[in-house]
**Student:** 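Quick one: the structure is below, questions incoming.
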Amino acid sequence: MSGELVRVDNLSKEFPLRSSLLGTLLGRPGATLKAVDDISFSIDAGQCLGLVGESGSGKTTTGKLLMRLEDPTRGAIRFAGDDVSALAGTALRTFRRNVQMIFQNPFESLDPRLTIGTSVARPLALHGIGTGEERRRRAETALDQVDLKPVRNFIDRYPRDLSGGQLQRGSIARALILSPKLIVADEPVSMLDVSVRSGVMNLMLKLQAELGVSYLYITHDLAVARHMSSRIAVMYLGRIVEEGPVDDVVGRGGHPYTRLLVAAVPEPHTGAPRARVKLRDEAADTKAIPSGCRFHPRCPLARAKCRDVEPPPVRLASGHWAACHFAGEVQGRGLGAAPQGAPLRPADQAMPA
C-alpha cells in the first residue's frame, strides 16, 4: 500500500471539568479542558510522523484519539479513506486490528500474571484468530522479529524476569502480531536506560523498513523525533504550531517554540545545552488558553499583535508551515532571549537578531 494512510481534519477533544461547590449551587457550568484543539495532519503508508511537545501539550490524547480509545469532540479521522471517527461495536473492533499502540511504561503494559508468550498472543485470542497452537507459533515469530532470541528463553518467562528493554521489545511484538498498518508509539523509550534506547529505536526503524508499517511517534525529545521520523509536527497547548520535513523543522524552524525545543537539545559532543533561553512564564493552563497566539505569554519574541490575533499557518517551504505571525523572520534569525517579565514589544519594533 502507498499514499495517504491517515488523515486527521479539525480534530478536537474537550474534557468537562467538575464545577466548584459554589458554582454547582449557583448552576454555573464547569470549565472545559481543551486537550486537543482543532488539529489536522496526515500520515502516509510506511511513514513516521513525530509528534513533539512538552507535557500537557495534547500528544498522548492525540494518540488515543487515533486509536479510538477516546471519542473526538469534533473533527474527522480517516483511515485508508474511511471515516472512523464514530465507529462502534464490531466495526471499531475490526478497525483496531489495523491500529495498535506501544505504551510508555513497559513494566505496566504487560500483565505480570501472564507469560510473555501469552501476552504477545493475547490480541489474537481477543480477535478469535487461530487455535492455541497457531497463536503460540505466531507469538514465537513475533518475538523473533523483535530480537528476543533464542525465543525459547523468553516465551514462557514472566515480565518480572525481563529487563525494561526486553519488556518493551515484548510490547512491540504484541503490537505487531496482528500485522497492523499503523502503530501509535507513546514515548516508547523514555523509561528505558540510555544504554538500550538506541537499540529499541533502531529495531522500530528496521521493522518499519521490512514491514511497511507507519508510526505516529510521540515524544518530548526533539533529538529522538529527528532520529525516528521523516516529518515532525510540533504541538503546544493542544494545537500543532509547526509541521514539516524533519530537517526543515529542526534546521529552519519558523515558530519560536520549535526554536526553543531545538535550543534545549544538548550538543552531541559536550552534552551542554546549545543556548540559555529564558522564558517569561510557565506553560499556560489548558483550562484557560491565552487569546491570540497561545505561546505569547512565554515567547521571548512576542509583540503586541501576538496577544490579540491568533496567527494563521504561514507557508515556509513545500510541506512546511508554522503558525506564527513572524514565521519568516523567526526562520531567518537567531532566537534572542528577552528578560523575564519583559513587556510585549510594539508591533513595529524589529525582532532581535
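Because only heavy atoms are used, hydrogens play no part in the values below, and waters and symmetry mates are left out as well, while side chains stay in. Residue numbers start at 1 and run along the sequence shown.
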**Student:** Measure the shortest side-chain to side-chain distance between Ile116 and Tyr158 over non-hydrogen atoms and say whether it is less than 4.5 angstrom.
**Tutor:**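 Result no, sub-4.5 Å side-chain heavy-atom pair not found.
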**Student:** Between atom CD1 of Ile155 and atom OG of Ser119, what is the distance when rounded to the nearest 0.5 Å?
**Tutor:** 11.0 Å
**Student:** Verify, without hydrogens or angle tests, whether Ser57 (side chain) and Glu54 (backbone) share a donor-acceptor contact under 3.5 angstrom.
**Tutor:** yes
**Student:** Can you tell if the side chain of Glu329 reaches within under 4.5 Å of the side chain of Leu301, non-hydrogen atoms only?
**Tutor:**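 The answer is no, as the side chains (C-beta and beyond) never meet within the 4.5 Å cut-off.
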**Student:** So, the side chain of Ser291 versus the backbone of Arg307: is there a donor-acceptor pair under 3.5 Å, distance only?
**Tutor:**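 Yes, Ser291 side chain to Arg307 backbone: donor-acceptor pair under 3.5 Å.
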**Student:** Mark yes or no: Arg303 above the aromatic ring of Phe326, with NZ or CZ under 6.0 Å from the six-membered ring centre and no more than 45 degrees from the axis.
**Tutor:**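 Checked: cation-pi criterion met.
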**Student:** If you look only at pairs with a residue in residues 142-157, which of them pass as a side-chain hydrogen bond (donor to acceptor under 3.5 Å, both in side chains), with sequence neighbours excluded?
**Tutor:** Arg136-Asp156
**Student:** Could you check whether any side-chain heavy atom of Val241 comes within less than 4.5 Å of a side-chain heavy atom of Pro311, counting everything from C-beta outward?
**Tutor:**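 A side-chain contact under 4.5 Å is absent here.
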**Student:** How many angstroms lie between CD1 in Ile172 and CG in Leu143, if you round to the nearest 0.5 Å?
**Tutor:**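 One finds 11.5 Å between CD1 of Ile172 and CG of Leu143.
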**Student:** With a 4.5 Å limit on heavy-atom distance, are the side chains of Lys34 and Ser12 in contact?
**Tutor:** no
**Student:** Does any non-hydrogen side-chain atom of Pro290 lie less than 4.5 Å from one of Leu237?
**Tutor:**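 Side-chain contact under 4.5 Å: yes.
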**Student:** Taking it one step at a time, do Asp37 and Arg294 satisfy side-chain contact (heavy atoms from CB on, under 4.5 Å)?
**Tutor:** CA-CA 12 Å; Asp37 188 10; Arg294 59 193 61 203; 3.0 Å; yes
**Student:** Salt bridge or not for Asp247 and Arg226, using N-O below 4.0 Å?
**Tutor:**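 So Asp247 pairs with Arg226 through a salt bridge.
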**Student:** Hey, are Arg137 and Glu133 close enough for a salt bridge, meaning a charged N less than 4.0 Å from a carboxylate O?
**Tutor:**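 Judged by the 4.0 Å cut-off on N to carboxylate O distance, Arg137 and Glu133 do form a salt bridge.
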**Student:** So Leu11 and Ser40, do their side chains get closer than 4.5 Å, heavy atoms only?
**Tutor:** no
**Student:** Flag the pair Arg122 and Asp111 as a salt bridge only when some basic side-chain nitrogen lies within less than 4.0 angstrom of an acidic carboxylate oxygen.
**Tutor:** no
**Student:** Are the side chain of Glu140 and the backbone of Val151 linked by a donor-acceptor contact shorter than 3.5 Å?
**Tutor:** no
**Student:** Spell out, as yes or no, whether a donor-acceptor pair under 3.5 Å connects the side chain of Arg68 to the backbone of Leu92.
**Tutor:**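 No, Arg68 side chain to Leu92 backbone: no donor-acceptor pair under 3.5 Å.
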**Student:** Could you tell me whether a side-chain N or O of Arg231 sits under 3.5 Å from a main-chain N or O of Leu49, the two making a donor and an acceptor?
**Tutor:**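 Answer holds: no.
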**Student:** Does a side-chain heavy-atom distance below 4.5 Å link Leu176 with Ile183?
**Tutor:** yes
**Student:** To the nearest 0.5 Å, tell me how far Asp9 CG sits from Arg74 CZ.
**Tutor:**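 Reported to 0.5 Å precision, the distance equals 14.0 Å.
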**Student:** If the plane angle is over 60° it's perpendicular, under 30° parallel, otherwise tilted; pick one for Phe295 and His255.
**Tutor:** tilted
**Student:** Say whether Val84 and Leu69 are linked into one hydrophobic cluster, either directly or through other cluster members, by side-chain heavy-atom distances under 4.5 angstrom.
**Tutor:**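 Yes, Val84 connects to Leu69 through the hydrophobic network.
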**Student:** In terms of ring plane angle, is the pair Tyr257 and Tyr236 parallel, tilted or perpendicular, where the classes change at 30° and 60°?
**Tutor:**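 Rings of Tyr257 and Tyr236: tilted, 30 to 60°.
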**Student:** Where the side chain of Ser214 meets the backbone of Gly46, is there a donor-acceptor pair that is under 3.5 Å apart?
**Tutor:** yes
**Student:** In terms of hydrophobic clustering (I, L, V, M, F, W, Y; side-chain heavy atoms under 4.5 Å; direct or indirect links), are Tyr215 and Met235 co-clustered?
**Tutor:** no
**Student:** Which heavy atom in Leu148 sits nearest to a heavy atom in Gly170, and how many Å separate them?
**Tutor:**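 Heavy-atom minimum between the residues: CD1-N, 3.9 Å.
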**Student:** For the CG atom of Leu65 and the OG1 atom of Thr61, what is their distance to the nearest 0.5 Å?
**Tutor:**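 Separation between the atoms: 6.5 Å.
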**Student:** Using a strict 4.0 Å threshold on nitrogen-to-oxygen distance, state whether Asp308 and Lys305 make a salt bridge.
**Tutor:** no
**Student:** Would you list the pairs meeting ring-ring contact (aromatic ring centres under 6.0 Å, His included) in which at least one residue belongs to residues 178-212, sequence neighbours left out?
**Tutor:**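 Passing the test, one end in residues 178-212: no pairs.
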**Student:** Test: side-chain hydrogen bond (donor to acceptor under 3.5 Å, both in side chains). Region: residues 183-211. Which pairs qualify, not counting sequence neighbours?
**Tutor:** Thr60-Asp186, Gln104-Ser190, Glu187-His220, Asn202-His227
**Student:** Please confirm whether the backbone N or O of Gln331 pairs with a side-chain atom of Arg252, one donor and one acceptor, at under 3.5 Å?
**Tutor:** no
**Student:** Considering all heavy atoms of both residues, which atom of Ile218 and which atom of Pro188 are nearest to each other, and what is their separation?
**Tutor:**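 Nearest pair, atom of Ile218 first, then Pro188: O-CD, 4.2 Å.
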**Student:** Over all heavy atoms of both residues, which pair between Val120 and Ala142 is shortest? Give the atoms and the distance, please.
**Tutor:**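 For Val120 versus Ala142, the nearest heavy atoms are CG1-CB, 4.1 Å.
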**Student:** Within this structure, what is the CG-CD1 distance for the pair Asn10 and Ile77, rounded to the nearest 0.5 Å?
**Tutor:** 12.0 Å
**Student:** Val246 and Met201: same hydrophobic cluster, using ILVMFWY side-chain contacts below 4.5 Å?
**Tutor:** no
**Student:** Tell me the side-chain hydrogen bond (donor to acceptor under 3.5 Å, both in side chains) pairs involving residues 79-99, sequence neighbours left out?
**Tutor:**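 As it turns out, the side-chain hydrogen bond (donor to acceptor under 3.5 Å, both in side chains) pairs with a partner in residues 79-99, which skip direct neighbours, are Asp83-Ser85.
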**Student:** Supply the atom-to-atom distance Leu51 CG to Thr219 OG1, rounded to the nearest 0.5 angstrom.
**Tutor:** 9.5 Å
**Student:** Can you give me every donor-acceptor pair (side chain of residues 314-325, partner residue at least two apart or in another chain, under 3.5 Å) with its distance?
**Tutor:**
residue	atom	partner	partner atom	Å
His320	NE2	Glu242	OE2	2.7
His325	NE2	Val309	O	2.7

**Student:** Check whether any side-chain N or O of Lys59 sits under 3.5 Å from a backbone N or O of Gly53 as a donor-acceptor pair, and report yes or no.
**Tutor:** yes
**Student:** Under the side chain to side chain donor-acceptor pair (under 3.5 Å) rule, collect the residues that match up with Arg7, sequence neighbours excluded.
**Tutor:** Glu4
**Student:** Under a 4.5 Å cut-off applied to non-hydrogen side-chain atoms, are Ile232 and Leu222 in contact?
**Tutor:**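 Yes. Closest side-chain heavy atoms under 4.5 Å.
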**Student:** Could you check Val196 against Gln168 for side-chain contact (heavy atoms from CB on, under 4.5 Å), going step by step and ending with a plain yes or no?
**Tutor:** CA-CA 10 Å; Val196 300; Gln168 197 63 301; over 6 Å; no
**Student:** Can Ile102 be reached from Met228 by stepping across I, L, V, M, F, W or Y side chains whose heavy atoms are under 4.5 Å apart?
**Tutor:** yes
**Student:** Honestly curious: do Val189 and Phe103 fall in one hydrophobic cluster under the side-chain, below-4.5 Å linking rule?
**Tutor:**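 No, because Val189 and Phe103 fall into different hydrophobic clusters, even though each may have its own neighbours under 4.5 Å.
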